[in-house]
2 protein chains.
Amino acid sequence: MMNMIQRKTRNPEQTRNDLLDAAYHEILESGFQAASLERILANTSVSKGALYHHFGTKRDLGLAVIEEVIGPQLEKRWFTILAQHDNPINGLYNLIAEKIAQADESVIRYGCPLNNLIQEMSPLDESFRQGLQKILERWVEVVAQALKEGQSAGQVRPDTNPEDIALYIVASIEGCVGLGKNAQSIDAYQRCLRQLQVYIQSLAV
Amino acid sequence: MMNMIQRKTRNPEQTRNDLLDAAYHEILESGFQAASLERILANTSVSKGALYHHFGTKRDLGLAVIEEVIGPQLEKRWFTILAQHDNPINGLYNLIAEKIAQADESVIRYGCPLNNLIQEMSPLDESFRQGLQKILERWVEVVAQALKEGQSAGQVRPDTNPEDIALYIVASIEGCVGLGKNAQSIDAYQRCLRQLQVYIQSLAV
DNA sequence: GAAGATACCGACCAAACGGTATATTGTCAA
DNA sequence: TTGACAATATACCGTTTGGTCGGTATCTTC
C-alpha cells in the first residue's frame with residue numbers, strides 16, 4: 001500500500017473517545033439501526049481500521065455508547081443531583097424546575113437518548129435491553145431511595161409505595177420528553193413537566 | 001417475460017390492505033427505517049410491482065400505516081370508549097383498569113406503535129411527525145374534553161387545567177408502556193399504570 | 001536497537017436495500 | 001368484442017451497508 005497518512009502521534013484513548021462521542025451523536029440523530037459507520041468515521045477522521053480495532057462490531061459500539069456515554073450522562077444530570085437534597089419532594093421538584101428552565105432545542109428535537117434506544121432496540125437485541133435496563137433501574141432506585149428516606153424523615157406520605165411511585169415518576173418524565181419531542185414544542189414539554197411537579201407535591205405529608 | 005403467475009382474481013383493495021397490515025407488523029417489530037420491503041412482500045405474497053403500484057415510496061407506505069392503521073386502532077381502543085363514560089374520572093380509571101387487566105405479551109414486547117414511531121421518526125421526517133402529531137392531538141383533546149365536561153358536572157376539581165392534565169396523562173401512559181417494554185415485565189407495566197390511576201383519582205372533587 | 005505488540009490505514013467484498021423498467025393479464029365501459 | 005387502463009409480475013440497477021484483510025507505522029520492552 002502506498003500512501004499511508006496516519007495520525008502523527010498515537011492516542012488510542014482519544015481515538016476511542018472520539019468514536020464514542022461521534023457514535024453517540026449519530027445514534028441520537030438517526031437511531032442505532034440507521035446510524036451509519038461511514039458517517040461516524042467522517043465526523044471523526046478516524047479510519048475504518050481503527051474503528052474495528054477498538055470495537056468488534058457496530059453492535060459493540062452501540063453497547064459501549066449506552067454504558068460509557070448515556071449512563072454517565074444521566075448519572076451526572078439526574079442521579080447525583082437528586083442524591084444531594086435532603087428533602088426528596090423539594091429535590092425532585094427543583095430538579096424538574098431546572099429541566100423546565102433549561103428546556104433547550106436539543107431535548108425538544110432529539111428527546112431522551114435513553115428512551116429513544118429503548119423504543120427502538122429493546123425488542124430487537126437482548127444485550128441492548130439489558131444495558132438500558134441497568135440505567136433505568138438505577139434511575140428508579142435513586143428516586144425510590146430518596147422517597148424512602150423522605151418517609152423516614154416524615155416528609156413523604158407514609159401511605160405510598162416508594163418503588164412504585166419512583167417507577168411512575170421516571171415513566172412520566174420519559175413521557176413528557178417524548179410528547180414535547182413530537183410536538184416540537186418547548187411549551188408542551190414545560191406544561192407537561194409542570195403537571196408532574198403538581199403530582200410530586202401531592203406526595204408531601 | 002416468461003413466467004407470470006398472477007393472482008387469479010384481482011382485488012386491489014385487498015392487496016392494499018394486506019400491504020398495510022404486513023407493513024404495520026413489520027414496522028412494529030423493526031421500526032420504520034429497518035423495516036424491509038422484501039419481508040413485507042414475503043409476508044403478503046404480493047409482488048414488488050403491486051406494492052409500488054399502490055404506494056409511491058416506502059415513505060408513503062409508512063405514512064399510510066400511521067393514518068390508516070395506527071390512527072384508527074387508537075381511535076377504537078381509547079377514544080371512542082372514553083367518550084362513552086359520563087364521568088371522566090371513572091372513565092379514565094376504568095379504561096386503564098382494562099389495560100392493566102389485558103396486559104398482553106404484545107404490549108410488553110413491542111410497546112405502543114405510536115410512541116415507537118414518534119421516538120424514531122419525528123426528528124427525521126416532518127410528514128411523519130405531523131401524521132403522528134395529529135393522532136396525539138386527538139388523544140389529548142378527547143381526554144381534555146372529558147375532563148372539561150367533568151368540571152361542568154362538578155365531578156372534576158375546578159382548580160385544574162384540563163388541557164395540561166390531558167397532556168400529562170397521555171405522556172404518562174406512553175411512559176408506562178415504554179418502561180414496561182424495556183423491563184419486559186407485565187408487573188412493572190401494571191404497577192406503573194396503577195400509580196396513574198391513583199393520580200387520576202386525585203383529580204376528583 | 002531489535003523484536004513484538006499495539007494502533008491504524010484504506011481498498012475491497014458480499015449482501016441487502018429501495019426503487020425502476022418493462023411485460024403481462026384481469027376488468028369493465030363502450 | 002374490443003380497446004384502454006388498472007393491477008400485477010419479475011428481472012434488474014445503483015447505492016449503501018457492515019465487515020474483512022493485508023499491510024504499515026508507532027510504541028514498548030528487553
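Proteins get letters first, then strands, A, B, ... in listed order; numbering begins at 1 in each.
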On the nucleotide [N], are OP1 or OP2 found under 4.0 Å from the side-chain N or O atoms that [X] carries?
| X | N | value |
| --- | --- | --- |
| A:T15 | C:dC8 | yes |
| B:S47 | D:dT8 | no |
| A:S36 | D:dT17 | yes |

Short side-chain donor-acceptor distance under 3.5 Å, [Y] and [X]:
| X | Y | result |
| --- | --- | --- |
| B:Q33 | B:E120 | yes |
| B:D18 | B:Q14 | yes |
| B:Q190 | B:S185 | no |

Let me know the distance between [atom1] of [X] and [atom2] of [N], rounded to the nearest Å.
| X | N | atom1 | atom2 | result |
| --- | --- | --- | --- | --- |
| A:E13 | C:dC8 | CD | P | 11 Å |
| B:Y52 | C:dG18 | OH | P | 7 Å |
| B:K48 | C:dA23 | NZ | C1' | 17 Å |
| A:H53 | D:dT26 | NE2 | P | 15 Å |
| B:L61 | C:dC17 | CG | C1' | 15 Å |
| A:L37 | D:dT20 | CG | P | 12 Å |

For D:dT26, does the base pair up with any side-chain atom of A:R10 as donor and acceptor (N or O, under 3.5 Å, distance only)? yes
Looking at B:K58 and C:dG19, is any side-chain donor or acceptor paired with a base atom of the opposite kind under 3.5 Å?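 In this structure, the two groups form no donor-acceptor pair.
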With the threshold set at 4.0 Å, does a side-chain nitrogen-carboxylate oxygen contact exist between A:E75 and A:R138?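 Yes, A:E75 and A:R138 are salt-bridged.
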Is any side-chain heavy atom of A:L114 closer than 4.5 Å to one of A:W139?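 When only atoms from C-beta onward are counted, A:L114 and A:W139 do touch, with a gap below 4.5 Å.
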Base, sugar-phosphate alone, or nothing: which one does A:A34 contact when heavy atoms must sit under 4.0 Å apart? nothing
Quick one: which of C:dG19, C:dG18, D:dA7 gets closest to the side chain of B:T57?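 So the side chain of B:T57 is nearest to C:dG19.
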For A:G49 and A:R39, take the nucleotide of DNA chain D holding the closest heavy atom to each; which residue's nucleotide lies nearer the 5' end? A:R39
Both A:H54 and A:E38 contact DNA chain C. Taking the nearest nucleotide for each, which residue is further toward the 5' end?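 Result: A:H54.
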